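Predicted model only: the values in this text are computed from it and were never measured.
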Amino acid sequence: QVLLAESGGGLVQAGGSLRLSCTASGRALSSDALGWFRQGPGKERESVAAITWSGGVTYYAESAKGRFTISRDNAKRTVYLQMSSLNADDTAVYLCAAGPRILGPPSSYHYWGQGTQVTVSS
C-alpha cells in the first residue's frame with residue numbers, strides 16, 4: 001500500500017521552477033506534519049520544508065527560504081512544494097514524509113514516499 005506518493009520531479013535548467021506534489025493516504029493521514037526532504041549525491045538527507053495539516057504552520061530550511069513555498073490542499077490530501085530559482089545544489093531525490101511535528105528530525109517521521117528525482121542543469 002502506497003501511503004505517500006510524490007510526483008513532479010524532472011530535469012530543469014538553472015533558474016527554472018518545478019512543483020512537486022505529495023498525496024497522502026491511509027495511515028499517513030494520521031500524522032499532522034508532512035515534510036519534504038532531499039538527499040543529494042553523496043549527501044545526508046536534509047529537511048527542506050514542512051507543513052501541518054491542521055493549522056497550515058510551515059517550516060523552511062535556510063536553503064529553501066525565499067525560493068520554495070510549501071502548501072496543502074486538505075480536500076485532496078496533497079501537499080505541494082513550489083520551487084523556483086533552482087540551482088545545481090538543489091539536485092537531489094526529493095522525498096515526502098509524514099510525522100508528528102514539523103520540526104522533528106528525519107528519524108521522527110514515520111511514513112516515507114519513494115522519492116522523485118530533481119535534476120538542475122547548469
Side-chain angles (χ1 to χ4, degrees):
Q1 181 184 8
V2 177
L3 302 179
L4 294 167
E6 303 102 332
S7 62
L11 175 65
V12 63
Q13 288 187 334
S17 300
L18 277 176
R19 188 179 79 158
L20 306 182
S21 301
C22 176
T23 300
S25 62
R27 296 188 303 276
L29 291 171
S30 66
S31 301
D32 190 41
L34 196 139
W36 282 100
F37 296 81
R38 68 185 183 185
Q39 189 160 14
K43 298 181 180 179
E44 293 187 356
R45 187 169 296 183
E46 62 177 358
S47 177
V48 177
I51 192 168
T52 60
W53 289 112
S54 57
V57 178
T58 58
Y59 159 82
Y60 292 95
E62 285 299 318
S63 60
K65 288 180 180 178
R67 300 188 301 130
F68 296 0
T69 301
I70 191 169
S71 60
R72 77 201 195 287
D73 185 330
N74 288 40
K76 295 182 178 179
R77 298 169 295 176
T78 299
V79 172
Y80 304 97
L81 184 68
Q82 178 68 47
M83 306 186 294
S84 60
S85 301
L86 288 163
N87 58 63
D89 290 338
D90 296 314
T91 294
V93 174
Y94 283 71
L95 307 102
C96 67
R101 57 190 186 279
I102 63 172
L103 293 180
S107 59
S108 70
Y109 282 72
H110 307 307
Y111 307 104
W112 289 83
Q114 293 295 313
T116 184
Q117 177 69 46
V118 171
T119 303
V120 183
S121 63
S122 55

Is there a donor-acceptor contact under 3.5 Å from the side chain of [X] to the main chain of [Y]?
X	Y	result
Glu6	Cys96	yes
Arg45	Gln39	no
Asn87	Val120	no
Asp32	Ser54	yes
Thr52	Ala33	no

Is [Y] close to [X] at the side-chain level, that is, under 4.5 Å between some pair of heavy atoms?
X	Y	answer
Arg67	Asp90	yes
Ser21	Lys76	no
Leu29	Arg77	yes

**OP:** Decide side chain to side chain donor-acceptor pair (under 3.5 Å) for Thr119 and Gln117; before the verdict, give the C-alpha distance in whole Å, the side-chain angles of both, and the deciding distance to 0.1 Å.
**Re:** CA-CA 6 Å; Thr119 303; Gln117 177 69 46; 3.3 Å; yes

Do you reckon [X] sits in the same ILVMFWY cluster as [Y], going by side-chain contacts under 4.5 Å, direct or chained?
X	Y	answer
Leu34	Val118	yes
Tyr60	Val48	yes
Tyr59	Trp36	no

**OP:** Please work out whether the ring planes of Phe37 and Tyr109 are parallel, tilted or perpendicular, with thresholds of 30° and 60°.
**Re:**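 Ring orientation, 0 to 90° scale: perpendicular.
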
Subject >> Trp53 CH2 to Ser31 OG distance, which is reported to the nearest 0.5 Å >> reply: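 It is 10.5 Å, given to the nearest 0.5 Å.
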
Original post:
Got more than 12 heavy atoms from elsewhere within 6.0 Å of CD, Glu46?
Top reply: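 Yes, enclosed.
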
Subject >> CA sep, side-chain torsions, deciding dist, call: Met83, Val12, side-chain contact (heavy atoms from CB on, under 4.5 Å) >> reply: CA-CA 11 Å; Met83 306 186 294; Val12 63; over 6 Å; no

**OP:** Verify side-chain contact (heavy atoms from CB on, under 4.5 Å) between Arg27 and Tyr111, making sure each step is shown before the conclusion.
**Re:** CA-CA 8 Å; Arg27 296 188 303 276; Tyr111 307 104; 3.5 Å; yes

**OP:** Quick one: do Gln82 and Ser71 satisfy side-chain contact (heavy atoms from CB on, under 4.5 Å)? Show the steps, please.
**Re:** CA-CA 8 Å; Gln82 178 68 47; Ser71 60; over 6 Å; no

**OP:** State, to 0.1 Å, how close Ser122 and Ala14 come at their nearest heavy-atom pair, and which atoms those are.
**Re:**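 It is CA-CB, 4.2 Å.
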
**OP:** Return the set of residues passing salt bridge (charged side-chain N to carboxylate O under 4.0 Å, His left out) with Lys65 (not counting sequence neighbours), or none when no residue passes.
**Re:**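 Listed in chain order: Glu62.
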
**OP:** Find out whether the Lys NZ or Arg CZ of Arg19 is both under 6.0 angstrom from the six-membered ring centre of Tyr80 and within 45° of the ring's axis.
**Re:**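 Pair Arg19/Tyr80 counts as cation-pi.
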
**OP:** Would you check, one step at a time, whether the test side-chain contact (heavy atoms from CB on, under 4.5 Å) holds for Val79 with Ile70?
**Re:** CA-CA 7 Å; Val79 172; Ile70 191 169; 3.7 Å; yes

